[in-house]
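Read through the structure below, which is laid out as structure tokens, and then see the notes.
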Amino acid sequence: MTSTASSHSAELDFLLSRASTDHLVAPAPSKEKIAEILAAGLRAPDHGKMRPWRYVVIKGKHRSEFAELVVKAMLAADPDVPAKKIEKRRQRFSDMPMVIALGMHLELDGKIPVIEQEMSAAAGAMNVLNALNAEGFGGFWVTGEFSDQPDFLAALGFDAPHRLAGFLFVGTPEKGKPHAKRPDVENYMAFWKGEPVTFGADK
Ligand SMILES: Cc1cc2nc3c(=O)[nH]c(=O)nc-3n(C[C@H](O)[C@H](O)[C@H](O)COP(=O)(O)O)c2cc1C
């Protein structure tokens with residue numbers, strides 16, 4: 001570990017500096033690079049070795065094909081969805097340099113509660129966001145009410161109970177590494193001293 005002037009490690013500095021951006025341009029990670037980055041997802045804590053992570057990478061000419069699937073699923077979820085919302089999603093899913101569908105392979109009847117499998121999948125996605133940042137790329141996690149549509153999931157290769165935790169938009173940050181104002185940790189932590197705690201964040 002390398003020491004910094006503020007006395008914590010470069011690694012912690014790196015984690016503290018992560019921010020999302022959806023202003024993403026080419027290049028996206030190469031085939032080899034995205035495999036290295038996704039390997040970080042598989043380092044998430046995983047009770048019972050359930051290995052719920054399933055990453056579907058959508059790139060190149062398949063992006064616009066996938067965007068049409070998104071539109072179809074949006075209309076199936078809500079036939080009255082405004083045309084403006086459809087067009088915005090169509091454009092975002094077609095234009096992002098890369099999209100990663102965050103599949104969750106879930107076992108409903110085993111010993112490990114489904115929520116723990118979902119949390120492991122979510123922890124994996126966070127690791128992927130950090131790995132993207134480490135390799136000079138940017139990421140943005142999105143969800144959508146359309147993504148539970150059975151036909152949409154089937155087109156990706158997921159049949160119930162397997163489903164998605166959302167999508168990562170992936171590419172190179174258009175304006176360099178993003179920055180975000182963060183809340184003060186003092187308001188989000190407390191030391192328990194035998195009595196119920198209160199948090200500054202909740203006052
Ligand atoms: C599970 C999950 C789903 C999200 N879905 C959306 C979304 O659909 N649209 C959106 O604008 N932001 C969404 N976000 C928030 C962004 O990914 C991002 O975290 C937010 O803009 C704040 O940026 P930050 O990550 O730098 O704090 C989602 C975040 C999570 C964890």
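Read the numbers this way: they start at 1 and go in the same order the structure lists the ligands and their atoms. Heads up: numbering here begins at 1 and tracks the sequence.
By the neighbour-count criterion of 12 heavy atoms within 6.0 Å, atom NZ of Lys88 is sparsely surrounded, having that number or fewer from other residues, nucleotides or ligands. Remark: Asp202 CG is packed, more than 12 non-hydrogen atoms of other residues, nucleotides or ligands lying under 6.0 Å away.
The protein atom (non-hydrogen) at minimum distance from atom 5 (N) of ligand 1 is Thr143 OG1, 3.0 Å. Given atom 18 (C) of ligand 1, the protein heavy atom at minimum distance is Ser20 OG, 3.7 Å. Of the protein's heavy atoms, Trp141 O, 2.7 Å lies nearest to atom 17 (O) of ligand 1. Summary of contacts: the protein heavy atom closest to atom 10 (C) of ligand 1 is Phe140 CE2, 3.7 Å. The protein heavy-atom contact nearest to atom 9 (N) of ligand 1 is Val142 CG1, 4.0 Å.
At least one donor-acceptor pair under 3.5 Å links the side chain of Trp53 to the backbone N or O of Ser120.
Counting atoms of ligand 1 from 1 in the listed order, those under 4.0 Å from a heavy atom of Arg182 are 24 (P), 26 (O), 27 (O). Residue contact check: Ala19 has heavy atoms under 4.0 Å from atoms 26 (O) of ligand 1.
Shown here, atom 22 (C) of ligand 1 is out of close reach of the protein: none of its heavy atoms lies under 4.0 Å off.
Of all heavy-atom pairs spanning Asn133 and Ser17, the tightest one is ND2-OG, 4.4 Å.
Salt-bridge formation is detected for the pair Asp22/Arg92: a Lys NZ or Arg NE/NH1/NH2 atom is positioned less than 4.0 Å from an Asp or Glu carboxylate oxygen. Here Lys84 does not pair with Glu87 in a salt bridge; the nearest charged N to carboxylate O distance is not below 4.0 Å.
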